[in-house]
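Structure, as structure tokens:
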Amino acid sequence: MIRSLQKTTFLLFFLLLCITLQAQVKVMTWNLMNLGKSKTPEQITYIAKTLNKADIIAIQEVVTNYTGAQTTAKILQELNNNSGTKWEYIISEPTQSSPYRSERYVYFFKTSKVKLKSKPYLDQHFAQQIEREPFVAIFTYMDKDITLFNFHALPKKHQPETEIKYFRNYPHLYTGSNLVFLGDFNLTESHSVFNPLKKLGYIPSFTNQKTSLRQKCIQNDCLASEYDNIFYDTEKMNVKSKEVIYFFEDFESLETARKLSDHIPLVVEFALN
């Protein structure tokens, strides 16, 4: 009886140890709407506080002029001064396919949690078909890699499905990579354009989750459309937890909140297999 109890206790301890040692990383996506000179010091402080909820953050819609990089550096400074951990960031070159909708992307990441494996880059495989090329970065945690495709699609009225359809090719182009597609797709995950990815084993972390803000709340409903999401490979990782951050609830009005962003951030904690 005693030996049986000892064996059971050992097995439970071993299982708990395996769970503890499993590579778990929190990833956030957030469209920060014209991130640049329009952000006030108070907004920068708030943004940094929110980013601290994750280990890696993919940001969309950074302005291409110097104020985009300048404001990004201010957010980094705020994180390093007040978050209690060391942070770094990497900012993309301006997207190149269209000068009319060009912007930058940014990754913030906790250096105590993950390492940047190589220099991130704007993917060029479909540069003629995709107006804002995905910003690709490979991060490493506990000897496991995760390759992020940070993306901001065309506005819905310009048919973002015409460029998202090319995403079905990336798993074949990046064979062996642990791919995660995240950002503002300007489409709901239920759109048929995502079906090829889903058939390859990539599923959305969120379903029926609105992420863009209305101009005005309607009967306390302040969210408009299901635009943002995080798609992951079910064979290479699983979701341990996820969070929707309704940041606008911290502001006195929706109008004030929208000056910071017209999208809410999403966070997923992944366990890497």
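Along the sequence shown, the residues carry numbers beginning at 1. Note that the coordinates shown come from a computational prediction; the quantities given were computed from them, not determined experimentally.
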Around atom CD of Glu235, are there more than 12 heavy atoms of other residues, nucleotides or ligands at under 6.0 Å?
no
- Item | Phe149 and Tyr170 aromatic ring geometry - parallel, tilted or perpendicular at 30°/60° bounds | tilted
- prompt: Between Tyr46 and Phe247, how do the two ring planes meet: parallel, tilted or perpendicular, split at 30° and 60°?
  reply: tilted
Tyr89 ring center within less than 6.0 Å of Tyr107 ring center:
no
Evaluate whether atom CG of Asp143 has more than 12 neighbouring non-hydrogen atoms of other residues, nucleotides or ligands under 6.0 angstrom away.
no
(Q) More than 12 heavy atoms of other residues, nucleotides or ligands under 6.0 Å from CD of Glu255: yes or no? (A) no
(request) Flag this pair as yes if the NZ/CZ of Lys242 is under 6.0 angstrom from the six-membered ring centre of Phe206 and inside a 45 degree cone about the axis; otherwise no. (result) yes
Practice item. Answer yes if the ring centres of Phe167 and Phe126 are under 6.0 angstrom apart, and no otherwise. Key: no
| query | In terms of ring plane angle, is the pair Phe231 and Phe194 parallel, tilted or perpendicular, where the classes change at 30° and 60°? | reply | parallel
Query raised in the report: Does the Asn81 side chain pair with the main chain of Gln77, one donor and one acceptor, at a distance under 3.5 Å?
Result: yes
Aromatic centroids of Tyr232 and Tyr202 separated by under 6.0 Å
no
Shortest non-hydrogen pair, Asp55 vs Gln24, comes out as OD2-O, 4.4 Å
Run Glu61 and Asn31 through side-chain hydrogen bond (donor to acceptor under 3.5 Å, both in side chains) and show every step you take. CA-CA 6 Å; Glu61 209 166 306; Asn31 179 330; 3.1 Å; yes
Residue pairs passing the disulfide bond (SG atoms under 2.5 Å apart) test with at least one member in residues 236-273, sequence neighbours excluded, are none
Within a reach of under 6.0 Å around NZ of Lys198, are more than 12 heavy atoms found that belong to other residues, nucleotides or ligands? yes
From the list Lys210, Glu226, Gln209, side chain to side chain donor-acceptor pair (under 3.5 Å) partner of Thr188 resolves to Glu226
**Request:** Mind running side-chain hydrogen bond (donor to acceptor under 3.5 Å, both in side chains) on Thr147 and Asn178 for me, showing each step along the way?
**Result:** CA-CA 6 Å; Thr147 302; Asn178 188 7; over 6 Å; no
_Are there over 12 heavy-atom neighbours, none belonging to Glu252, within less than 6.0 Å of that residue's CD?_
no
Item to complete: Go through the steps for Asn169 and Tyr174 under the test side-chain hydrogen bond (donor to acceptor under 3.5 Å, both in side chains), then give the verdict.
Response: CA-CA 9 Å; Asn169 297 290; Tyr174 288 80; over 6 Å; no
side-chain contact (heavy atoms from CB on, under 4.5 Å) test vs Phe108 passes for just one of Thr72, Asn52, Ile56, Ile91, namely Thr72
